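First comes the structure, then the notes that go with it.
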Amino acid sequence: MKQKIALLGFGTVGQGICEILLNKKEYLKEKYNYEFEFVAVADFAFGSVYNPNGLNIPAMLEEAKAKKKFTRDLTTLDNVSLITKCNADVVCELTYTDLDTGGPAIEHCKAALESKKHIVTSNKGPAALRYPEMKALADKKGVKFMIEGTVVAGTPIINLVEGPLAGCEISKIRGILNGTTNYMLSEMEKGMGYDEVLKVAQDLGYAEANPAGDVEGYDARGKVTILANIVMGASMKINEVPCRGITKITSEDIQKAKDTNARWKLIGTVENKDGEITGSVSPEMIDLSHPLAGVMGATNALTFTTDLLGDVTIVGPGAGRIETGFSILTDLLQIHNSSCNCK
Ligand code: HSE
């Protein structure tokens, strides 16, 4: 049976997952017996559309690329009514992240879960601010609350911890958690100016809707909070995490680091010391001989310190249209695999 999908948000990630699913349609059918239909899309810029029998996504992608509003299957339903009334099995919450209030994504997630629809999201708001509540509601309704895309785009972090690393106790997680700032620091080292490189990061789809979230460290702080609460079982509040971004790092600082065989990186840390779990985000000067120093561009890297394996490091893309789109694909496939007799 086709998985019916509703998308909240048709920006970088929303368009990314559409492109992936359209391009890999045959492969996904052949390899996983996975078929899909997009039935609803709501976006504040392009409008809201609903067709229980399936939308014309290629035409909508063209309209979005031309910065035109949607023209077919228009609906006047507000987002929460659309989520509740549509015939989707899965709602992908891909609207902009608001780490102060979590809105409107929290309302979207609650409406979906209440009406027994799975949630797949790359939005850090609900995961960083309300994970226990969302997970409990999903469990109660017999559906899933899937958040792989909230930490390091499609590079598997949540799935790694819940799957292959299950059984290991993790005492520390440390690494580069924000693609935009790592890209900026890499390019600034080559001589590009701060404002210029931030604009490029936005054009490449790395930065948050409000890039202050990246450069002030708030995006990394959201991820630290998610990791602390989900991986280490903490009850950490986002505002309890000390956080400093890269806004005060100047070209002179970068040159000084270079002169001492070092490099600036924005480092996020979560640590469990005798049951006390703490988190932090701050720029650190890393010696060039350290593995994290070689991680450049929008690439992220995280080292998990475990009891059974010692250190396990994963390196991969931390941002981007297709890279984050993939996080949605992997969660959609997990939902499909858990509810069918697949190949
Ligand atoms: N703006 C984020 C980053 C996107 O640059 O890492 C992924 O969360």
Side-chain angles (χ1 to χ4, degrees), residues 9 11-17 20 92-100 102 105 120-129 131 146-159 173-188 194 197-227 230 238 241 243-247 249 264-270 279 281-283 292 295-302 314-331:
T12 304
V13 186
Q15 293 176 40
I17 181 58
I20 292 173
C92 298
E93 214 303 334
L94 313 174
T95 63
Y96 61 92
T97 289
D98 177 342
L99 282 170
D100 292 325
V120 171
T121 185
S122 57
N123 191 316
K124 287 164 282 280
L129 303 177
Y131 183 79
M146 307 286 283
I147 61 162
E148 182 56 64
T150 61
V151 182
V152 188
T155 302
I157 299 296
I158 305 295
N159 289 330
I173 309 170
R174 175 179 149 84
I176 298 166
L177 281 163
N178 181 269
T180 301
T181 47
N182 205 51
Y183 175 79
M184 289 175 69
L185 292 169
S186 303
E187 293 302 312
M188 283 166 74
Y194 181 95
V197 71
L198 176 56
K199 171 83 179 56
V200 180
Q202 287 177 289
D203 291 346
L204 288 170
Y206 299 155
E208 297 296 296
N210 177 0
D214 296 290
V215 294
E216 300 284 3
Y218 305 144
D219 171 77
R221 179 167 69 169
K223 293 166 183 166
V224 160
T225 310
I226 292 170
L227 290 170
I230 292 163
I238 193 164
V241 179
C243 175
R244 222 160 16 101
I246 65 158
T247 49
I249 295 191
W264 286 99
K265 295 288 176 194
L266 185 65
I267 301 292
T269 308
V270 185
V281 173
S282 73
L292 285 181
V295 177
M296 304 299 275
T299 304
N300 286 181
L302 273 185
I314 183 157
V315 181
R321 178 189 186 89
I322 295 302
E323 295 83 346
T324 311
F326 168 73
S327 72
I328 307 304
L329 172 65
T330 190
D331 282 350

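The residues of the chain are indexed from 1 along the displayed sequence. Everything quoted here is computed from the prediction, not taken from an experiment. One-based numbering, in listed order, for ligands and for the atoms of each. Basis for what follows: all heavy atoms, side chains included, without hydrogens, waters or symmetry-related copies.
At distances below 3.5 Å, not a single donor-acceptor pair connects side-chain atoms of Glu187 with backbone N or O atoms of Val197. Ser186 places a side-chain N or O within donor-acceptor distance of the main-chain N or O of Asn182, the cut-off being under 3.5 Å. The backbone N or O of Val295 lies less than 3.5 Å from no partner atom in the side chain of Thr299, so there is not a single donor-acceptor pair. Listed for the Thr150 side chain is a donor-acceptor partner under 3.5 Å among the backbone atoms of Ile147. In this structure, Glu148 contributes its side chain and Gly154 its backbone to no donor-acceptor pair below 3.5 Å.
Here the side chains of Val152 and Ile176 are not in contact, with every heavy-atom distance at 4.5 Å or above.
Counting atoms of ligand 1 from 1 in the listed order, those under 4.0 Å from a heavy atom of Gly318 are 6 (O), 7 (C). Residue Asn178 approaches ligand 1 through these ligand atoms, each under 4.0 Å from one of its heavy atoms: 2 (C), 3 (C), 5 (O), 6 (O). Using a 4.0 Å cut-off to heavy atoms of Thr180, the atoms of ligand 1 that qualify are 1 (N), 3 (C), 5 (O). Close contacts of ligand 1 with Glu208, meaning ligand atoms under 4.0 Å from a residue heavy atom, involve 1 (N), 2 (C), 4 (C), 8 (O). When each atom of ligand 1 is checked for a heavy atom of Gly179 under 4.0 Å away, the hits are 3 (C), 5 (O), 6 (O).
Atom CG of Asp98 and atom CD of Glu208 lie 11.0 Å apart (nearest 0.5 Å).
The part of Asp214 lying near ligand 1 is the side chain, judged by heavy-atom distances below 4.0 Å. With a 4.0 Å cut-off on non-hydrogen atoms, Asp219 touches ligand 1 through its side chain and not its backbone.
Residue contacts with ligand 1 do not include Ala153, since none of its heavy atoms lies under 4.0 Å from the ligand.
Backbone and side-chain nitrogen or oxygen atoms of Thr150 are examined, and none is located within less than 3.5 angstrom of a nitrogen or oxygen of ligand 1.
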